[in-house]
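Reviewing the structure listed below.
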Amino acid sequence: MTENDQPAAPVVPHTGEDGQSARMVRADLIAAVFLILLGAMILYGSWTMPRLEQRHVHPLTVPGLVPGLLSLALIVCGAVLALRSVRSATGGGWQEFWASLNSQGSWRVLAVLALVLVYTLGLVGSLPFWAATALFVFAFVAIFELWITPKPRPMLPSLAWSLGLAVVTSAAVTYVFERLFLVRLP
Amino acid sequence: MFDGLQLLGEGIAHFLTPLSLLNVAWATLLGIVIGALPGLTATMGVALLVTLTYKMAPDQAILVLMCVYVGAIYGGSRTAILLAIPGTPASAATTLDGHPLALQGKAGMAMGLATTSSALGTIIGIVFLALLAPLLGEAALRFGTYEFFWLALFGVLISGQLTSLDDPLKGYIAGILGLLVAMVGMETLHAHVRFTFGITALAGGVDLIPAMVGAFGLAEILAVMKRTAQAEIASSSDRVIPRLADLWRYRVTTIRSGIIGTIVGIIPGVGEDIGAWASYAAARRGSKERHLFGKGSQEGLIAAETGNSAVIPGAMIPTLTLALPGSAAAAVLIAAMFIHGIRPGPLLMTENPTFLYQIVAILLLSTIAITLFGLSLTRPLLLVLQVPRERLMAVVYVLCVVGSFAITQRMFDVYVMLFFGVVGFILREMKYPMAPLVLGIILGDLLDLNLRRGLLLTQGDPTPFFTRPISMVLWVIILASILMAIPAVNKRVRRLFNTRKASSPDAG
């Protein structure tokens, strides 16, 4: 696979060439700092991990060996990423980075996350599973078809669809898993 | 040789029962639908179905999972051709020529060619699987602790490098993060519990299935819902069943793409998408109609679809013989096999010699199924493409929750899914590949245990890691590939070769 020259690198259609990269350079810097911190914490954890001397464990087979080595590798990779980001930075990268966080796409992601978190951490467990599921599906479909969308659908049919899908999903999942596959649901 | 043929015959006969054939039919069809729906990938489909097949007999469960896998990789081509959106990442290369063909009013022909190419690609891969896996299995019996350490490292690194071709550093980082995830929980050499922060549920480590459902399910839902644009479906009214003359004309491309796909499949953690791109690039370099590529070339379409389908049997080669997953979906299959008491690895051929040929038989049956469904069900599959993603994704998330909960029945695994979904989405947005991460989670234990066991056997002397013949080959490859990933080194080596190439005709 490696014998060929550069054109072997596939012609992957990258989305939005230049804006993407200026912004990505900045995102890389943040990621690099985070990776270095994570690596340092793991390194500390590995170094202070019990070496089991009282069990006469050979010093090169202590439990902290591999996590320690991996954290070093992570720190090195993070440092290279940071260095590369600083060296290739161009003007306007930060503005583009913040702008991309404030885009419509990001708000849609946050909305999905909010729905998902409320459902998983809040509703499941406090309500019966079928009720939690029906509520989640109804809210998800209704919110994304009527509210957070560039082209809202007509109100009544969409609400009917959300309701129908919620009932069908909740009933089907409960029936299939609890009755057919005999799996307990959360 | 004849033993092999006999075992193959038994493998096929084993599945010629009404129940198995019914399972092949529904699982392959479900796979095609999963593949055709943008936002549902093969890996996610297989991961979610591990739960559904939990109570089935082991052979039927593996049958269903394999059929979903094959169906999904094929099904993505439908979306690529009609919507210009790859249904799964595997058919990204298919969009380049498939959609232009559809716009020229040849959608039927494109769908037909995609179907036959997928079938032929799988068959070429199957031949190599049946021939190579027993040989590799035998060779793997001679692998010891030292070799398995290097193999695990090799798998994660090479996957990191090849799934992130324009930026190997991010592939490496993803791989290291995966390996670090595997460090959580009780280690196997001294039974010491690491990095659990007092959470008892973490003592057993992070389970692969919930992590995969998160990284490939929830992360995908977030990515799909982020987009606002909707795609238009191209109309199709022409003949779907391809002409034999067309297939014969591109026989060289088909065979070459099949072989490239199989090789890509064998490389650990490098999956169908890379198989398709690699054979597409090779086809374009060797083509007489190069100018047509990207504008509706039949040859490009054939190369992409043959290439991605051949990866599946290819990926099963290291998966079965070394327990080294050849693709992300194969990683889920390994987890599923363990759940059903089948242990892939060097001992598989001695413990369970029929299993390899059962896999071959399953792949053959599912190939027949995709050909039949693909050429006949064009209209019903069009309906699938019209499902609005808002409605689909809500239901899919419910399945993600159930799928990660059901196997061990604890809410903790649902939280694991949630964590990997969010982290996976952020990593993906920043162009970190997912496959090395998954491979790291699977291979971390192997790497950790074998490094320290090797050092224990030699009382701390690392020389056998470097001097044993197979080990030496592995570490030299690893070192070379890391060095070549460093731009400065790469440039110098390239220049060295170029000057030599330029000067050799004069000298000779």
Side-chain angles (χ1 to χ4, degrees), chain A residues 1-2 7-13 24 27-28 31 35 42 45 49-50 52 55 57-61 63 65-67 70-71 73-74 77-78 80-81 84 104-106 108-109 112-113 116-117 120 124-125 133 136-137 140-141 144-145 149-150 161 165 169 173 177 181-186, chain B residues 51-52 54-55 92-93 162 165-166 169 172-173 176-177 179-180 183 187 189-190 192 194-195 218 221-222 225-228 263-264 267 274 277-278 280-281 285 388 390-391 393-395 397-399 401-402 405-406 409 411 414 418 422 425 430-431 447-448 451-452 455-456 459-460 481 484:
Chain A
M1 276 315 300
T2 45
V11 269
V12 188
M24 193 61 80
D28 281 351
L35 291 173
I42 299 172
M49 199 178 278
L52 312 173
R55 280 164 57 187
V57 162
H58 191 283
L60 275 174
T61 68
L65 177 78
V66 176
L70 288 173
S71 66
L74 191 65
C77 286
V80 173
L81 192 66
R84 201 181 66 180
Q104 203 193 3
S106 310
R108 291 174 61 91
V109 169
V112 177
L113 263 184
V116 156
L117 289 176
T120 320
V124 174
T133 300
F136 168 73
V137 174
F140 192 103
V141 179
F144 276 99
E145 287 197 346
T149 171
W161 260 106
L165 194 65
T169 309
V173 168
F177 283 88
F181 294 101
L182 305 173
V183 179
R184 209 164 53 85
L185 289 171
Chain B
T51 315
L52 276 181
Y54 182 49
K55 292 272 161 82
L162 293 183
L165 273 175
D166 36 305
L169 182 63
Y172 293 158
I173 292 175
I176 296 170
L177 288 174
L179 288 170
L180 281 168
M183 295 299 117
E187 49 96 23
L189 199 60
H190 307 302
H192 182 73
R194 301 185 288 204
F195 300 114
L218 177 55
I221 295 175
L222 291 169
M225 291 306 294
K226 188 182 169 204
R227 289 197 297 264
T228 41
I263 294 170
V264 171
I267 301 172
I274 308 284
W277 285 118
Y280 186 81
R285 256 204 305 278
E390 287 82 11
R391 297 176 190 165
M393 289 300 136
V395 178
Y397 183 69
V398 173
L399 292 179
V401 171
V402 176
F405 177 83
Q409 315 262 309
M411 271 315 273
V414 179
L418 209 55
V422 175
F425 171 73
M430 295 172 69
K431 301 274 179 263
L447 182 136
D448 178 38
L451 174 64
R452 291 185 300 136
L455 290 171
L456 185 69
Q459 290 300 311
S481 64
M484 287 301 281

Which region of [X], side chain (C-beta onward) or backbone (N, CA, C, O), has a non-hydrogen atom less than 4.5 Å from a non-hydrogen atom of chain B, or is it both or neither?
| X | result |
| --- | --- |
| Leu81(A) | both |
| Phe136(A) | side chain |
| Val173(A) | side chain |

| said: Looking only at heavy atoms and a cut-off of under 4.5 Å, which of Met183(B), His192(B), Arg194(B), Arg391(B) has the most pairs with chain A? | reply: Arg391(B)
| Leading residue by heavy atom contact count with chain A [cutoff under 4.5 Å; candidates Met411(B), Met225(B), Met484(B)] | Met225(B)
Going from [atom1] on [X] to [atom2] on [Y], what distance comes out if it is rounded to the nearest 0.5 angstrom?
| X | Y | atom1 | atom2 | value |
| --- | --- | --- | --- | --- |
| Leu113(A) | Leu218(B) | CG | CG | 7.0 Å |
| Glu390(B) | Leu165(A) | CD | CG | 11.5 Å |
| Thr120(A) | Tyr397(B) | OG1 | OH | 2.5 Å |
| Leu35(A) | Ile176(B) | CG | CD1 | 9.0 Å |

| task | For residues Lys431(B) and Met24(A), report the shortest heavy-atom separation together with the two atoms involved. | result | CG-CE, 3.6 Å
| note | Tightest non-hydrogen contact, residues Leu180(B) and Ser71(A), listed as CD2-N, 4.5 Å
| Any donor-acceptor pair under 3.5 Å from Arg55(A) side chain to His190(B) backbone | yes
| query | Can any side-chain N or O of Arg452(B) pair as donor or acceptor with the backbone N or O of Leu65(A) at less than 3.5 Å? | reply | no
Counting C-beta onward and ignoring hydrogens, is there a side-chain heavy-atom pair between [X] and [Y] closer than 4.5 Å?
| X | Y | answer |
| --- | --- | --- |
| Leu456(B) | Val57(A) | no |
| Leu189(B) | Pro63(A) | no |
| Val109(A) | Phe425(B) | yes |
| Met393(B) | Val112(A) | no |

| message | With a 4.5 angstrom heavy-atom cut-off, is it the side chain or the backbone of Leu451(B) that approaches chain A, or both, or neither? | response | side chain
| Run the side-chain contact (heavy atoms from CB on, under 4.5 Å) check on Leu117(A) and Leu418(B) step by step: do they pass? | CA-CA 8 Å; Leu117(A) 289 176; Leu418(B) 209 55; 3.6 Å; yes
| note | Assert top hit (heavy-atom pairs under 4.5 Å, partner chain B, pool Gly78(A), Cys77(A), Ala27(A), Gly45(A)) equals Cys77(A)
| field | Stepwise side-chain contact (heavy atoms from CB on, under 4.5 Å) test for Arg84(A) and Leu169(B) | value | CA-CA 11 Å; Arg84(A) 201 181 66 180; Leu169(B) 182 63; 4.0 Å; yes
